Amino acid sequence: MHEFRYKGNEFYCEDVRIGDIAEEVGTPVYIYSHKTLIDHYRKIKDAFKSINPLICFSMKSNSNLAVLSALVKKGSGLDIVSGGELYRAMKVGVDPKKIVYASVGKTCNEIKKAVRSGILIFNVESLPELVMLNRVCHELHRKMFVSIRVNPDVDPHTHKYITTGKKETKFGLDMDMAMELFRRRGEWPDVEMAGIHIHIGSQIIEHEPYVKAI
């Protein structure tokens with residue numbers, strides 16, 4: 001499962017004694033296992049290999065450049081939520097066509113930079129965002145893929161502060177509004193609606209909420 005374990009009374013990360021790291025660089029210190037990180041990425045990739053997916057690591061969970069670089073070198077894409085994360089993503093050399101831009105509150109300037117960078121797709125959270133993105137694409141003579149974030153009103157059975165898919169939360173569009181946007185997609189000719197996006201929460205340890213949401 002992971003490469004942190006005791007050997008006798010000494011704690012190790014892979015084959016390196018944690019005590020040696022602490023003595024060399026001091027404490028506190030963050031220590032990541034490259035082998036563990038890549039092993040988990042490969043497990044997800046193998047689980048979905050029948051559809052050859054693009055797996056994008058969420059930068060908001062850890063934007064350490066070494067972590068990002070390790071995943072990108074193995075073929076991972078990146079999920080970003082800000083202009084700063086776009087900058088860091090490009091810094092580690094990810095293919096822009098492997099970048100997904102999520103998050104609420106994207107600014108016009110951030111959207112322009114992402115469109116110019118040639119990213120793969122935006123996850124759109126609202127009608128005003130869709131209108132703004134279409135306007136930016138028109139001004140820059142570009143066309144962008146978008147996915148519409150829907151709120152499926154599913155209880156993920158996790159902490160209330162990291163629940164994002166219930167109807168009372170601020171995230172995503174309800175099903176009726178999402179369907180309305182798809183029906184009216186001709187009003188925004190500079191974006192192409194390519195799918196839907198769902199995020200119901202974090203630290204979910206059961207599969208049932210995901211099945212229900214999908």
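Note that the structure is a prediction, hence the values are computed from the model and not measured.
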Might you point out which heavy atoms bring [X] and [Y] nearest each other, and give the distance in Å?
X: A194; Y: I121; value: CB-CD1, 4.3 Å
X: S103; Y: E125; value: O-CG, 3.4 Å
X: A213; Y: I198; value: O-CD1, 3.8 Å

Once you round to the nearest 0.5 Å, how far does [atom1] of [X] lie from [atom2] of [Y]?
X: I31; Y: I18; atom1: CD1; atom2: CD1; value: 3.5 Å
X: R185; Y: M193; atom1: CZ; atom2: CE; value: 8.0 Å
X: R135; Y: L140; atom1: CZ; atom2: CG; value: 11.0 Å
X: S58; Y: E85; atom1: OG; atom2: CD; value: 7.0 Å
X: L68; Y: N62; atom1: CG; atom2: CG; value: 7.0 Å

Among all residues two or more places apart in sequence or in another chain, which pass the salt bridge (Lys or Arg N to Asp or Glu O under 4.0 Å) test with E110?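 Residues passing salt bridge (Lys or Arg N to Asp or Glu O under 4.0 Å) with E110: none at all.
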
State which residues pass salt bridge (Lys or Arg N to Asp or Glu O under 4.0 Å) with E23; sequence neighbours excluded, sorted by chain then number.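 For E23 the salt bridge (Lys or Arg N to Asp or Glu O under 4.0 Å) partners, ignoring immediate neighbours, are R17.
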
Please indicate whether [X] has more than 12 foreign heavy atoms, meaning atoms of other residues, nucleotides or ligands, lying under 6.0 Å from its [atom1].
X: K49; atom1: NZ; answer: no
X: D46; atom1: CG; answer: yes
X: F48; atom1: CZ; answer: no
X: K97; atom1: NZ; answer: yes
X: K73; atom1: NZ; answer: no
X: M179; atom1: CE; answer: no

L181 vs V124, side chain to side chain contact (heavy atoms under 4.5 Å, CB included): CA-CA, chis, key distance, verdict: CA-CA 11 Å; L181 294 190; V124 170; 5.7 Å; no

Start with the C-alpha distance between N64 and Y30, add both sets of side-chain angles, then the distance that settles side-chain hydrogen bond (donor to acceptor under 3.5 Å, both in side chains), and finish with yes or no. CA-CA 10 Å; N64 180 288; Y30 287 102; over 6 Å; no

Can a side-chain donor-acceptor contact be found between E14 and S33 if the only test is distance below 3.5 angstrom?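 Yes.
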
I38 and L71: CA distance, side-chain angles, deciding distance, side chain to side chain contact (heavy atoms under 4.5 Å, CB included) verdict: CA-CA 7 Å; I38 300 307; L71 288 163; 4.2 Å; yes

By the definition side chain to side chain donor-acceptor pair (under 3.5 Å), identify the one residue from R142, H141, H138 that meets it with D190.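 Testing D190 for a side chain to side chain donor-acceptor pair (under 3.5 Å) against R142, H141, H138 leaves exactly one candidate, H138.
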
Residue pairs involving residues 195-210 (criterion salt bridge (Lys or Arg N to Asp or Glu O under 4.0 Å); sequence neighbours excluded):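 Qualifying pairs, neighbours excluded: none.
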
Quick one: which residue pairs count as a salt bridge (Lys or Arg N to Asp or Glu O under 4.0 Å) with a foot in residues 51-65, not counting sequence neighbours?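 Output for this query is empty, none listed.
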
Taking side chain as C-beta onward, heavy atoms only, is [X] less than 4.5 Å from [Y]?
X: N134; Y: P189; answer: yes
X: W188; Y: V146; answer: no
X: L54; Y: L120; answer: yes

Could you list all the ring pair (Phe, Tyr, Trp, His ring centres under 6.0 Å) pairs where at least one residue sits in residues 89-134, not counting sequence neighbours?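 The answer is Y101-F122.
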
Other ILVMFWY residues reachable from V211 by side-chain steps of under 4.5 Å: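 Reading the cluster by chain and number, V211 sits alone, since nothing else belongs.
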
If you measure from the Lys or Arg side-chain nitrogens to the Asp or Glu carboxylate oxygens, is any gap between D39 and K74 under 4.0 Å?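 A salt bridge is absent here (no side-chain N lies under 4.0 Å from a carboxylate O).
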
Give the intermediate values and the outcome of side chain to side chain contact (heavy atoms under 4.5 Å, CB included) for residues M90 and I99. CA-CA 9 Å; M90 302 303 287; I99 294 178; 3.9 Å; yes

